[in-house]
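For reference, the structure discussed in these notes is given below.
None of these values were measured; they are calculated from a predicted model. Every chain is numbered from 1 and lettered A, B, ... according to where its sequence line falls, protein lines coming before strand lines.
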Amino acid sequence: MARTLTFKIFRYNPYAADSTPFLQEYKVEETQRMNLFAALNYIRDELDPTLMFDFVCRAGICGSCGMLINGRPTLACRTLTGDLPEVIELLPLPYFKMLGDLSVDTGIWFRQMEENVESWIHTQKEFDPAAEEERMNNELANKIYESERCIECGCCIAGCATANVNPDFVGAAGLYRVGRFMMDPRDERNEEQWFELISTDEGVFGCIGMMACGDVCPKDLPLLEIMAFVRRKMSATALTK
Amino acid sequence: MYSENTELFPQASPGGGKSTIAGRKAKRALWTELISGVTGLLLSGFIFGHLILESLSVFGAEAYQTVADFMEKTLPLAQISAVVIPLLFLIHFIYAGRKIPGKLYERKRMLELGHSLKKSKNRWNQKAGEYTTLRRHFETSLWIWQVRTGMLVLALGAFHFVLVIWNIFTDMGINATAGIQAGVSGPRVESGLWLLYLFLGVAIVVHMSIGLYRLAVKWLADTWFDRKIAYVVFSILFWVYLILNFLGVAGLYRVMNGGLL
């Protein structure tokens with residue numbers, strides 16, 4: 001039996017001078033296995049063409065449809081309306097730059113984080129385009145691949161109370177990123193450099209341990225586990241040298 | 001008065017080794033984290049003993065007096081604690097308190113986010129074992145309660161320290177001798193201090209259980225002592241110590257009338 005869903009959607013256009021934030025209601029007939037991607041597109045196609053939201057892949061890979069769904073940051077494309085009550089409240093992810101309605105720009109934050117943690121291979125080797133590519137053993141390649149499963153949807157940052165009040169905090173996404181380069185043998189940064197980079201109040205020791213990052217991560221990444229490991233590793237580096 | 005440890009020019013802190021400014025800064029962050037965690041752990045250890053010994057007052061004045069004399073005279077543990085624990089308390093406040101946001105709008109943001117995450121469980125009706133499982137999250141709110149109870153412990157605990165130090169080292173101008181005596185503690189608690197001790201005890205137990213849970217997850221989440229086990233262990237600890245606290249205060253209230261038993 002089909003339900004009539006009531007969507008309460010945050011409306012605000014920061015670029016329009018006369019815009020003030022409010023919740024707008026839309027009624028949508030629920031269909032079988034409906035997800036929020038389908039529902040939001042229905043609203044935009046049939047009810048209100050001015051509604052702004054982001055989707056690209058609609059399969060939980062691109063990470064652009066993160067939003068607060070009934071109070072929780074998660075991916076809209078992976079959320080079935082069947083998992084939600086009849087009233088569904090949609091707000092944009094907090095903290096990120098607001099583009100309008102449900103659309104935020106997570107890229108600005110991620111770009112800044114990448115610069116802060118210097119998210120690239122640091123090497124002194126000259127690149128020789130004619131040489132054969134260096135080989136990496138498969139086990140390590142898989143590990144690095146695993147640590148690149150983060151889709152950068154920004155849910156862990158939006159759900160983190162520390163990140164919400166400290167713009168320089170690199171958050172779970174940032175520490176996860178650092179872990180990827182720590183594993184990579186091509187990156188020549190030494191232990192001391194890693195220590196300086198993440199054993200700070202903007203890095204792992206800025207974390208209060210509220211655990212929201214691990215709870216809201218739509219990709220179920222082991223964020224808390226990685227951070228516990230990094231904490232111990234950083235302490236061991238500092239205390240034994 | 002220029003010192004190369006200056007915080008005034010953060011952009012002039014080049015990295016590249018442990019003797020650099022960036023290296024020292026990172027080390028300081030590590031030490032502040034370690035100090036706040038370790039002092040919290042030590043204070044929890046003290047509370048374990050304190051509440052167990054205190055709750056022995058349910059057996060009446062004689063048991064209470066025996067414990068007090070043992071701690072003060074046989075071992076000078078009470079005197080040592082009366083000096084060491086307030087010091088640890090102060091250090092813990094300084095180092096752990098640094099994480100509390102100072103501005104009102106920051107606290108409001110944290111509060112609102114914690115509330116939103118906690119309430120979201122009731123605003124979803126997902127059944128167990130669905131495609132993506134919704135995990136309950138209330139640890140952000142728990143942290144806010146840890147701050148609140150921490151402030152309560154700071155105020156009430158400071159009073160408790162003054163009273164206990166006064167009591168252990170002097171005769172307070174009214175007692176026969178220095179030291180804790182059932183004949184003084186009992187009526188004191190009965191005359192109204194029970195309310196303060198009840199609040200102090202509950203605040204400490206809440207603060208301690210949440211703190212230990214967080215500490216375990218922060219440092220051991222990837223080991224066998226993972227988050228699920230830590231949650232169970234510290235929930236049990238919370239209830240046991242909450243009951244011990246009530247027993248202790250009730251026992252002290254009735255200590256001159258033969259305790260609770």
Within the supplied structure, the quantity of interest is the number of heavy atoms (other residues, nucleotides, ligands) at a distance under 6.0 Å from [X] [atom1]; does it exceed 12?
X: E112(B); atom1: CD; value: no
X: R58(A); atom1: CZ; value: no
X: R111(A); atom1: CZ; value: no
X: F93(B); atom1: CZ; value: no
X: H160(B); atom1: NE2; value: yes
X: E139(A); atom1: CD; value: no
X: F229(A); atom1: CZ; value: no
X: Y95(B); atom1: OH; value: no

Closest approach of [X] and [Y], non-hydrogen atoms and distance?
X: M210(A); Y: M110(B); result: CE-CE, 3.9 Å
X: W219(B); Y: R232(A); result: O-NH1, 2.7 Å
X: P85(A); Y: R123(B); result: CD-O, 3.0 Å
X: N125(B); Y: G82(A); result: OD1-O, 3.6 Å
X: A228(A); Y: V217(B); result: CB-O, 3.9 Å

key: Trace of the side-chain contact (heavy atoms from CB on, under 4.5 Å) decision for F205(A) with L30(B)   = CA-CA 7 Å; F205(A) 295 124; L30(B) 167 74; 3.3 Å; yes
Distance in Å, [X] [atom1] paired with [Y] [atom2], rounded so as to fall on 0.5 Å steps:
X: C207(A); Y: K99(B); atom1: SG; atom2: NZ; result: 7.0 Å
X: E33(B); Y: M234(A); atom1: CD; atom2: CE; result: 13.5 Å
X: N70(A); Y: K119(B); atom1: CG; atom2: NZ; result: 13.5 Å
X: M211(A); Y: Y231(B); atom1: CE; atom2: OH; result: 10.5 Å
X: D215(A); Y: R136(B); atom1: CG; atom2: CZ; result: 9.5 Å
X: R72(A); Y: L117(B); atom1: CZ; atom2: CG; result: 7.0 Å

key: Contacting region of T237(A) [heavy-atom separation from chain B under 4.5 Å]   =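 Contact with chain B involves no heavy atom of T237(A) at all.
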task = Could you look at L91(A) and say if it's the side chain, the backbone, both or neither that has a heavy atom under 4.5 Å from chain B?
result =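 Neither part, no heavy atoms under 4.5 Å.
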ask   = Under a 4.5 Å heavy-atom cut-off, does chain A meet the side chain of L215(B), its backbone, both or neither?
value =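 Neither part; nothing is under 4.5 Å.
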Give a yes or no on whether the backbone of [Y] and the side-chain of [X] come within a donor-acceptor separation of less than 3.5 Å.
X: S199(A); Y: A26(B); answer: yes
X: S120(B); Y: G71(A); answer: no
X: W124(B); Y: I69(A); answer: yes
X: R214(B); Y: G209(A); answer: yes

Sequence neighbours excluded, every pair satisfying side chain to side chain donor-acceptor pair (under 3.5 Å) that has a member inside residues 100-111 of chain B =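 Every side chain to side chain donor-acceptor pair (under 3.5 Å) pair that includes a residue of residues 100-111 of chain B, provided the two are not neighbours, is N164(A)-R109(B).
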task = Output all residues satisfying salt bridge (charged side-chain N to carboxylate O under 4.0 Å, His left out) with E148(A), sequence neighbours left out; order by chain, then residue number.
result =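 With neighbours one apart ignored, the set is R180(A).
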request  = For the pair K218(B) and R231(A), evaluate side-chain contact (heavy atoms from CB on, under 4.5 Å) and give the outcome as yes or no after the intermediate values.
outcome  = CA-CA 8 Å; K218(B) 273 166 89 172; R231(A) 268 192 198 90; 3.7 Å; yes
message = I'd like to check the side-chain contact (heavy atoms from CB on, under 4.5 Å) partners of V206(B); sequence neighbours left out, ordered by chain and number.
response =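 Applying side-chain contact (heavy atoms from CB on, under 4.5 Å) to V206(B) gives T149(B), V202(B), I210(B), F238(B).
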ask   = Within residues 220-230 of chain B, which positions have a heavy-atom distance to chain A below 4.5 Å?
value =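 Those residues of residues 220-230 of chain B which have a heavy atom under 4.5 Å from chain A are L220(B), A221(B), D222(B), T223(B), R227(B).
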key: Greatest number of heavy atom pairs closer than 4.5 Å to chain B - which of L224(A), I208(A), V165(A)   =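 The answer is I208(A).
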query = Among A212(A), A238(A), P222(A), who wins on heavy-atom pairs under 4.5 Å with chain B?
reply =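 Max contact count across the listed options: A212(A).
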